[in-house]
Amino acid sequence: MPELPEVETIVRQLQPGLAGCRIVSVEILDPKLETPAKNKLPGRKILDITRLGKQVCLELSGNDRDEMKLWLLFHLRMTGRLITHSCSLDQNERHLRARLVLDQGSLLFYDMRSFGCLLVLDSLQEALPKGIDPLSRRFTRRKLRELINGSKQEIKPWLLRQDRLVGLGNIYTSEILFASGIDPRRQAGSLKSDELHRLHSQIRRILLLAIKNCGTTFSDFQDSQGRTGSFQRLLSVYGKTGQPCPNCSGPIQRIVQQQRSTFFCSACQK
DNA sequence: ACCCTCCTGTCA
DNA sequence: TGACAGGAGGGT
């Protein structure tokens with residue numbers, strides 16, 4: 001489910017309850033997630049919870065057998081959810097993939113489609129995303145121009161790739177291109193200087209606005225504490241095929257690019 | 001640079 | 001019954 005703003009929301013909401021907790025035991029319920037490294041986790045304290053691209057990253061202290069730190073990463077993919085046991089959410093227990101029992105409560109990993117994964121690492125180096133986080137200081141206009149220069153790929157699929165920018169997904173790419181007035185089918189490398197300028201600032205603006213609204217939640221989705229995000233109220237084009245463009249009232253179009261839906265206004269996006 | 005696939009669920 | 005769903009690795 002989550003793109004950058006949703007993962008950021010989950011991390012912020014897990015932080016106060018999880019930081020400082022000690023891991024008592026680990027149960028992997030989905031054989032595909034099984035890893036011998038799970039035995040290294042008990043006894044460790046959760047020092048910090050951060051977002052690494054679209055991943056949730058738990059920094060773990062050493063324990064009495066091993067003083068070196070460890071990192072536990074979750075990638076939620078499409079339908080993964082991290083939920084603290086203290087909140088009573090209506091989850092289908094069939095989709096429970098892993099459970100961390102803590103000295104206070106527990107952390108549950110649910111995943112309906114089971115695309116998600118978890119990873120135990122003794123160095124964060126190997127998990128550092130290749131792409132730049134668009135909310136970091138490294139994401140400058142000059143950097144965006146550098147990354148995009150010469151690319152013949154259409155701009156929407158270009159934005160979805162995680163090896164240049166990390167964190168954008170199918171919702172926010174459509175929203176960002178609408179806010180930038182750029183047609184999703186444009187060749188990335190063909191964007192003019194003023195278009196790149198708008199693209200750069202709208203990437204940041206939309207992501208920050210979405211985080212402020214705790215992300216986008218459809219229908220019954222709830223975050224780690226049972227709250228729902230509200231950015232869906234602010235969506236301009238995503239999922240709005242045939243509905244009026246907020247700008248010109250023309251119909252929102254849906255097209256498919258690389259087997260994924262793109263939503264846009266052909267009058268406002270050139 | 002693209003297409004398929006991994007899964008399970010919902011909706012027309 | 002088929003299309004589609006917030007992701008991304010692997011193969012070509």
Side-chain angles (χ1 to χ4, degrees), chain A residues 1-11 29-34 51-56 73-82 90-98 109-119 126-131 147-178 184-190 206-207 210-211 213-224 228-242 253-263:
Chain A
M1 111 34 219
E3 304 180 36
L4 185 153
E6 290 75 30
V7 178
E8 183 68 30
T9 299
I10 289 165
V11 163
L29 301 154
D30 179 348
K32 277 196 323 202
L33 299 180
E34 200 49 75
R51 177 181 63 79
L52 256 190
K54 291 181 187 173
Q55 303 186 94
V56 177
L73 286 93
F74 291 90
H75 198 307
L76 275 26
R77 296 285 173 91
M78 298 280 263
T79 53
R81 293 169 189 185
L82 278 175
D90 184 23
Q91 291 294 324
N92 188 336
E93 291 308 309
R94 163 189 308 152
H95 301 145
L96 181 60
R97 308 295 176 186
F109 178 40
Y110 287 90
D111 189 4
M112 181 182 80
R113 293 171 75 180
S114 69
F115 291 160
C117 54
L118 60 81
L119 201 56
E126 27 189 328
L128 292 181
K130 186 151 169 254
L147 291 173
I148 220 165
N149 242 352
S151 170
K152 297 204 160 99
Q153 198 170 23
E154 291 178 329
I155 183 62
K156 195 274 193 160
W158 189 91
L159 289 171
L160 279 182
R161 316 172 41 163
Q162 303 294 301
D163 58 340
R164 300 179 180 183
L165 299 181
V166 241
L168 298 181
N170 215 32
I171 297 180
Y172 295 105
T173 45
S174 278
E175 293 298 315
I176 286 163
L177 288 170
F178 174 76
R185 298 164 295 189
R186 286 279 300 282
Q187 238 184 36
S190 77
I206 298 275
L207 290 178
I211 289 171
N213 285 272
C214 297
T216 303
T217 60
F218 293 130
S219 61
D220 60 344
F221 170 72
Q222 298 177 311
D223 64 37
S224 58
T228 58
S230 56
F231 190 77
Q232 62 275 18
R233 290 190 287 110
L234 301 178
L235 292 174
S236 296
V237 293
Y238 183 83
K240 300 200 180 285
T241 315
Q253 322 264 319
R254 173 183 177 273
I255 57 174
V256 175
Q257 295 177 288
Q258 306 219 301
Q259 287 100 265
R260 308 202 68 192
S261 295
T262 301
F263 302 90

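As the structure is a computational prediction, the values presented were derived from the model and not from experiment.
For dG11(C) and dC7(B), the P atoms lie 16 Å apart once the distance is rounded to whole Å. One C1' atom belongs to dG6(C), the other to dA1(B), and the distance between them is 23 Å to the nearest Å.
What separates NZ of Lys240(A) from C1' of dA5(C) is a distance of 16 Å, to the nearest Å. For the pair Leu160(A) CG and dA5(C) C1', the computed distance is 14 Å after rounding to whole Å. Going from atom CG of Leu235(A) over to atom C1' of dG6(C) covers 11 Å, rounded to whole Å. Summarising the geometry, the separation between CG on Leu168(A) and C1' on dA8(C) is reported as 14 Å, rounded to the nearest angstrom. Between Leu73(A) atom CG and dG7(C) atom C1' there is a gap of 16 Å when expressed in whole angstrom units. Atom CZ in Arg164(A) sits about 15 Å away from atom P in dA8(C), given to the nearest Å. Separating the OH atom of Tyr238(A) from the P atom of dC4(C) is a distance of 12 Å, rounded to the nearest angstrom. Atom CD of Gln55(A) is separated from atom C1' of dG6(C) by 16 Å (rounded to the nearest Å).
Of the possible polar contacts, none joining the Gln257(A) side chain to the Glu154(A) backbone as a donor-acceptor pair under 3.5 Å is found.
Looking only at side-chain heavy atoms (C-beta outward), Arg260(A) and Leu160(A) come within less than 4.5 Å of each other. In this structure, Asn92(A) and Tyr110(A) have side chains that are not in contact, with every pair of non-hydrogen atoms separated by 4.5 Å or more. Proximity of Leu118(A) to Leu73(A): side-chain heavy atoms (C-beta onward) are nowhere separated by under 4.5 Å.
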Using a 4.0 Å cut-off on protein heavy atoms (strictly under), produce a 5'-to-3' string for nucleotides 2-12 of chain B with B for base contact, S for backbone-only sugar-phosphate contact, and - for none.
SBB-BBBS---
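Looking only at atom types and distance, the side chain of Thr241(A) has no donor-acceptor partner in the side chain of Gln253(A) under 3.5 Å away.
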Base-pair string, DNA chain B, Watson-Crick plus G-U, cut-off 3.5 Å on both distances, | for inter-strand, is ||||||.|||||
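Using a 4.0 Å cut-off, some side-chain N or O of Arg260(A) falls inside it from OP1 or OP2 of dG6(C). Close to dA1(B), at under 4.0 Å from its OP1 or OP2, lies no side-chain N or O of Lys152(A). Note on Ser261(A): a side-chain N or O is less than 4.0 Å away from OP1 or OP2 of dA5(C).
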Given the rule in the side-chain contact (heavy atoms from CB on, under 4.5 Å) test, do Thr217(A) and Gln232(A) qualify, once you have shown the distances and angles that lead to the verdict?
CA-CA 6 Å; Thr217(A) 60; Gln232(A) 62 275 18; 3.3 Å; yes
Do Arg51(A) and Glu8(A) pass the salt bridge (charged side-chain N to carboxylate O under 4.0 Å, His left out) test, and can you show the C-alpha distance, the side-chain angles, and the key distance before you say yes or no?
CA-CA 6 Å; Arg51(A) 177 181 63 79; Glu8(A) 183 68 30; 2.7 Å; yes
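Atom CG in Asp30(A) sits 11.0 Å away from atom SG in Cys117(A) (nearest 0.5 Å).
In this structure, Phe231(A) has its ring center no closer than 6.0 Å to that of Tyr238(A).
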